[in-house]
Amino acid sequence: MFPEVVERYYSNGLYVYISKFSRIVFGKFPFSVGDCIYFLVVFLILRWFCQQRKLGKLNWKDSALRILSFLSVFYFLFNLLWAMNYHRVPLFEKMAIERKYSNEDLLKFTKVLIAKTNEIHSQIQKNDSLKVVFPYSQEQVFEMNLKGYQLLSNQFSSFEYTNPSVKKSLISLPLSYMGFGGYLNPFTNEAQVNDKGPMYNFPTTVCHEMAHQLGYASESEANFIGFLASIKNENLYFQYSGYSYALRYCLGNWRIRDEKVFDELLKTIHPGILKNYKESEEFWKNYETFIEKGFQIFYDNFLKFNQQKDGLGGYSKFVDLMVNYYKDKSF
């Protein structure tokens, strides 16, 4: 009910100190402390249940109170340390970006995006039929992404990123089965990234999680900021990651809106770019199970519970931000 209050006193106040402190402390560890904490919590919960069973008769009233006590502390810390950002002023309002656009606006933007992605692809690969093979390690990406955020913060000071704490998740395999490219640990402010996905897309995925660290809880806003940080990077591979990421969302939008336009747009894209998209599709297809569907349902409702009314659909809402932001601008 009071986004301006949250924006001023939490997102730009208390949270700034909490997040920096967490990143300074936990960023020194080469491994994911947050994942280790989750492992420990799960172990303690399982041990507690085993102890209760050994006692024979379960005291349901006492057990229920213990569980509620744990959940209340968990939920309190979740909100205090990060999740209040779900209730801040939307990026649309802060950056004075319109919310609506026409099919013509989207088509114009998609064509410009195709031209830009094709151009960068040609600079990397002289043969337009070859996919982009990413030449850097994941550790190098963590370092090189800072340059993109540095250049972005020269234009928007609110996107300044300091005290990096980005880790390869210890649970990357489960994340793959759940359908996630990464997540932010709200208790340690570590950006956890799935290290098993295609590398051409890795820089933008990391930038997305770094945006969450800055306090942008909305998935569409984190996508938008991650995209900007990627294309601001001076490295062509990082720019390709950002532009191809954005283009894929625009194409997905057209696939729903108009299949004929979608097919026509595909003909104008370099085959090598489509091969990178195919690479991603095949990766995620290998991990498709009922587990992914279950977690998507859970996370969709989790986002809606936290004031993200579009749920998982919010990821693609960043197309709205891009189209309206670039209406009178050029890349």
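Nearest heavy atom pair, residue M322 against residue C250, reads CE-SG, 4.2 Å. Contact between I37 and T188 at its shortest, heavy atoms only, is CD1-CG2, 3.8 Å. Nearest heavy-atom pair across S220 and L321 is O-CD1, 3.8 Å. Smallest separation of non-hydrogen atoms from I225 and L152: O-CD2, 4.1 Å. Considering all non-hydrogen atoms of both residues, C207 and Y149 come closest at O-OH, 2.7 Å. Here the closest heavy-atom approach between residue Q192 and residue D35 is recorded as OE1-OD2, 3.7 Å.
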Quiz item: Under the ring-ring contact (aromatic ring centres under 6.0 Å, His included) criterion, do Y17 and F21 qualify, and how do the steps go?
Solution: CA-CA 6 Å; Y17 299 102; F21 174 78; over 10 Å; no
Practice problem: Apply the test side-chain hydrogen bond (donor to acceptor under 3.5 Å, both in side chains) to residues K232 and Q155: give CA-CA distance (whole Å), side-chain angles for both, the deciding distance (0.1 Å), then the verdict. | Solution: CA-CA 10 Å; K232 286 290 182 182; Q155 185 178 357; 2.9 Å; yes
Self-check item: Y287 and Y177: CA distance, side-chain angles, deciding distance, ring-ring contact (aromatic ring centres under 6.0 Å, His included) verdict
Solution: CA-CA 5 Å; Y287 292 96; Y177 281 108; 5.0 Å; yes
Practice problem: Mind running side-chain hydrogen bond (donor to acceptor under 3.5 Å, both in side chains) on Y86 and N79 for me, showing each step along the way? | Solution: CA-CA 9 Å; Y86 277 120; N79 280 280; over 6 Å; no
Exercise. Give the intermediate values and the outcome of side-chain hydrogen bond (donor to acceptor under 3.5 Å, both in side chains) for residues D105 and S102.
Key: CA-CA 5 Å; D105 293 328; S102 64; 3.1 Å; yes
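Remark: R66 pairs with D62 by the salt bridge (Lys or Arg N to Asp or Glu O under 4.0 Å) rule, at least two apart or across chains.
Distance check, rounded to the nearest 0.5 Å: CD1 of I120 to CD1 of I273 gives 9.0 Å. Note: L151 CG to L146 CG = 11.0 Å, rounded to the nearest 0.5 Å. For the atom pair CZ of F318 and OH of Y245, the computed distance is 6.0 Å after rounding to the nearest 0.5 Å. Distance check, rounded to the nearest 0.5 Å: CD1 of I114 to CD1 of I269 gives 4.5 Å. Distance check: Y277 OH to N201 CG gives 9.0 Å after rounding to the nearest 0.5 Å. Separating the OG atom in S218 from the CG atom in L91 is a distance of 8.0 Å, to the nearest 0.5 Å.
Annotation: Y237 is not in aromatic contact with F202 [ring centroid separation under 6.0 Å not met]. Checked against the 6.0 Å centroid threshold, F76 and F74 do not count as a close aromatic pair. Not less than 6.0 angstrom separates the ring centroid of F43 from the ring centroid of F39. Between Y10 and Y15, a ring centre-to-centre spacing shorter than 6.0 Å is recorded.
Y249 contributes no side-chain N or O that, together with a main-chain N or O of N223, makes up a donor-acceptor pair within less than 3.5 Å. Although no hydrogens or angles enter the test, the distance criterion places no donor-acceptor pair under 3.5 Å between the side chain of D195 and the main chain of S169. Distance alone, capped at 3.5 Å, places no donor-acceptor pair between the K131 side chain and the L274 backbone. Without hydrogens or angle criteria, K167 side chain to F29 main chain gives a donor-acceptor distance under 3.5 Å. Under the 3.5 Å distance criterion, the side-chain polar atoms of N118 are matched with a main-chain donor or acceptor of H270.
Ion pairing between a basic and an acidic side chain is recognised when a charged N comes within 4.0 Å of a carboxylate O; K168 and E139 show such pairing. At a threshold of 4.0 Å, the pair R88-E4 does not count as salt-bridged, since none of the basic side-chain nitrogens sits closer than that to a carboxylate oxygen. With salt bridges taken as basic N to acidic carboxylate O contacts below 4.0 Å, one links E264 and K267.
Side-chain contact of Q239 with N233: a donor-acceptor pair under 3.5 Å is absent, judged by distance alone. Of the N and O atoms on the side chains of S241 and S230, not one donor lies less than 3.5 Å from an acceptor on the other residue. In this model, no donor atom of one side chain and acceptor atom of the other lie less than 3.5 Å apart for S165 and E190. Using modelled atom types and a 3.5 Å distance limit, the side chains of N189 and S19 yield no donor-acceptor pair. Judged purely by distance below 3.5 Å, without hydrogens or angles, the side chains of H212 and E219 pair a donor atom with an acceptor atom. A donor and an acceptor atom, one from each side chain of Y240 and N235, are nowhere located under 3.5 Å apart.
Between V261 and T110 the shortest side-chain heavy-atom distance does not fall below 4.5 Å. Side-chain contact between M199 and V141 is present, with heavy atoms from C-beta onward closer than 4.5 Å. At least one side-chain heavy atom of S176 sits less than 4.5 Å from a side-chain heavy atom of N194. By the 4.5 Å heavy-atom criterion applied to side chains, F187 and S22 are not counted as neighbours.
By the 6.0 Å contact criterion, CZ on F31 is enclosed, its count of non-hydrogen atoms from other residues, nucleotides or ligands being greater than 12. Environment of NZ in K327: crowded, with over 12 heavy atoms of neighbouring residues, nucleotides or ligands closer than 6.0 Å. Other residues, nucleotides and ligands contribute more than 12 heavy atoms inside 6.0 Å of the CZ atom of R257. For K94, the NZ atom counts as densely surrounded, since its 6.0 Å shell holds more than 12 non-hydrogen atoms of other residues, nucleotides or ligands.
Cation-pi geometry between R23 and Y161 is met: under 6.0 angstrom from the ring centre, within 45 degrees of the axis. With a 6.0 Å cutoff to the six-membered ring centre and a 45° limit on the axis angle, R8 does not count as a cation-pi contact of F2.
Checked against F159 for a ring pair (Phe, Tyr, Trp, His ring centres under 6.0 Å), the options F227, Y216, F224 give a single hit: Y216.
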